[in-house]
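Only one structure is covered here, and it is reproduced in the block below.
These numbers come from a predicted model, not from an experiment. One-based numbering, in listed order, for ligands and for the atoms of each.
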Amino acid sequence: TQSTRPQRLLHAVQKNATRGDPRSVVKAIDNFCRQKEWAMNVGDEKGCILDSVVSEVNPVTVLELGTYCGYSTVRIASLLPPRAKIITLEFNPDYAKIARQVIAWAGLEDKIQVVEGPSGEWIPKMKEQFGVKTFDLVFLDHWKDRYLPDTKLLEDCGLLRKGSILLADNVICPGTPDYLEYVRNSPRYKSQYFKSHLEYTKAEDGLEKSVFLG
Ligand SMILES: CCNc1ncnc2c1ncn2[C@@H]1O[C@H](/C=C/CNC(=O)c2cc(-c3ccc(F)cc3)cc(O)c2O)[C@@H](O)[C@H]1O
Ligand SMILES: [Mg+2]
């Protein structure tokens, strides 16, 4: 039977990356997406901005919305201090399966928890199920019309503290207009746009970094 793009991306990792070397996994995916098949990973250009924000925040608890194949999950986890953890939510079981194998190839299983299911169901359970108090960093990269409702849900569930950072992919392309309007106009956030390009293309895109002010 015909393989899927995520399956072909995983095979490219297993063929070209070194087991236990997260950066070689990131490189292998970027090469696959540039040379063979485009895929919706945050990519190498926006990935450098992601790296700098992660390094600056030095988070102990991270939440990622939308794992897909685990590219940004691995990229973030490779920069986390020893006891830090990332919980990543993915509701497509086929994608979750691929992501777990990409994460295993990178040797980052101990830092990453892939949780299968929709963010709307799991965010309210974070405290009771995973012993999370608040998140230091949230990376939003799932359905673009869910960024705003899930941000409000995170606020309502008390999962953000003064200084928590929201980093959102694709605020220009495909775009998240309602989310942008909210974080840029709400008195509860200090927002900053990092201009870049849509992964593996010349189209404009960017990341929006928003600090929750409490
Ligand atoms: C129902 C909301 N809750 C969710 N909870 C858990 N996982 C979710 C959820 N939504 C979506 N997901 C998962 O996140 C991923 C979805 C990501 C959506 N991303 C995009 O559409 C996207 C799209 C583009 C893009 C840009 C230009 C194009 F021409 C074509 C595509 C670029 C990107 O960087 C993107 O992130 C999938 O793995 C999906 O199964
Ligand atoms: Mg994206």
Checklist line | Protein contact to atom 30 (C) of ligand 1 [nearest heavy atom, distance to 0.1 Å] | finding: Trp38 CH2, 4.1 Å

Note to self: Just to confirm my output: which protein heavy-atom neighbour is closest to atom 35 (C) of ligand 1, and how far is it?
What the structure shows: Asn170 OD1, 3.3 Å

Notebook entry, point to check: Heavy-atom distance to atom 16 (C) of ligand 1: which of Trp143, Tyr68, Tyr200 wins?
Noted result: Trp143

Next item on the list: Taking all non-hydrogen atoms of both residues into account, name the closest pair between Pro187 and Leu213 and its distance.
Entry: O-CD1, 3.3 Å

Check: Is it true that a side-chain atom of Gln7 and a backbone atom of Thr4 form a donor plus acceptor pair closer than 3.5 Å?
Finding: yes

Margin query: Show, in sequence, the C-alpha distance, side-chain angles and deciding distance for Tyr68 and His142, and conclude whether the ring-ring contact (aromatic ring centres under 6.0 Å, His included) test is met.
Written below: CA-CA 8 Å; Tyr68 187 46; His142 58 332; over 10 Å; no

Checklist line | Salt-bridge contact Lys27-Asp21 (side-chain N to carboxylate O under 4.0 Å) | finding: no

Notebook entry, point to check: For atom 17 (C) of ligand 1, what is the nearest protein heavy atom, given as residue, atom name and distance?
Noted result: Asp141 O, 3.4 Å

Next item on the list: Might you check, step by step, whether the distance between atom 40 (O) of ligand 1 and some protein heavy atom is under 4.0 Å?
Entry: yes

Notebook entry, point to check: Is there any N or O on Glu90 that sits under 3.5 Å from an N or O of ligand 1?
Noted result: yes

Margin query: Lys144 versus ligand 1: do any nitrogen or oxygen atoms come within less than 3.5 Å of each other?
Written below: yes

Check: Within 4.0 Å of atom 27 (C) of ligand 1 (strictly less), any protein heavy atom?
Finding: yes

Note to self: Among all the protein's non-hydrogen atoms, which is closest to atom 2 (C) of ligand 1, and how far away is it?
What the structure shows: Arg146 CG, 3.5 Å

Notebook entry, point to check: Any N or O of Tyr95 that comes nearer than 3.5 Å to an N or O of ligand 1?
Noted result: no

Note to self: Considering non-hydrogen atoms of the protein only, which is the closest contact for atom 29 (F) of ligand 1, and what is the distance?
What the structure shows: Leu198 CD2, 4.9 Å

Notebook entry, point to check: Just distances here: any N/O of Glu199 and N/O of ligand 1 closer than 3.5 Å?
Noted result: yes

Check: Under 4.0 angstrom from ligand 1, any heavy atom of Gly117?
Finding: yes

Item checked: N or O contact, Phe91 vs ligand 1, cut-off under 3.5 Å -> yes

Next item on the list: Please verify whether a non-hydrogen atom of Gly120 lies at under 4.0 Å from ligand 1.
Entry: no

Notebook entry, point to check: How does His142 reach ligand 1, if at all, at less than 4.0 Å between non-hydrogen atoms: by side chain, backbone, both, or neither?
Noted result: both

Note to self: If we ignore hydrogens and angles and just use 3.5 Å, is the side chain of Thr61 paired with the main-chain N or O of Thr134 as donor and acceptor?
What the structure shows: yes

Check: Is it the case that Lys85 places NZ or CZ above or below the six-membered ring of Phe130, under 6.0 angstrom from the centre and within 45 degrees of the axis?
Finding: no

Next item on the list: Would you tell me whether Asp30 and Tyr71 have side-chain atoms, one donor and one acceptor, within less than 3.5 Å of each other?
Entry: yes

Note to self: If I only include protein atoms of type N, O or S, how many are less than 2.8 Å from the Mg ion (ligand 2)?
What the structure shows: 3

Next item on the list: Report the member of Gly43, Cys69, Ser119 with the shortest heavy-atom distance to atom 5 (N) of ligand 1.
Entry: Ser119

Item checked: Nearest-contact summary for atom 23 (C) of ligand 1 - protein heavy atom, Å -> Pro174 CG, 3.6 Å

Check: To which protein heavy atom is atom 14 (O) of ligand 1 closest, and what is the distance rounded to 0.1 Å?
Finding: Gly66 CA, 3.3 Å

Checklist line | Asp169 N/O under 3.5 Å from ligand 1 N/O | finding: yes

Notebook entry, point to check: Quick one: do Lys144 and Asp141 make a salt bridge, cutoff under 4.0 Å?
Noted result: yes

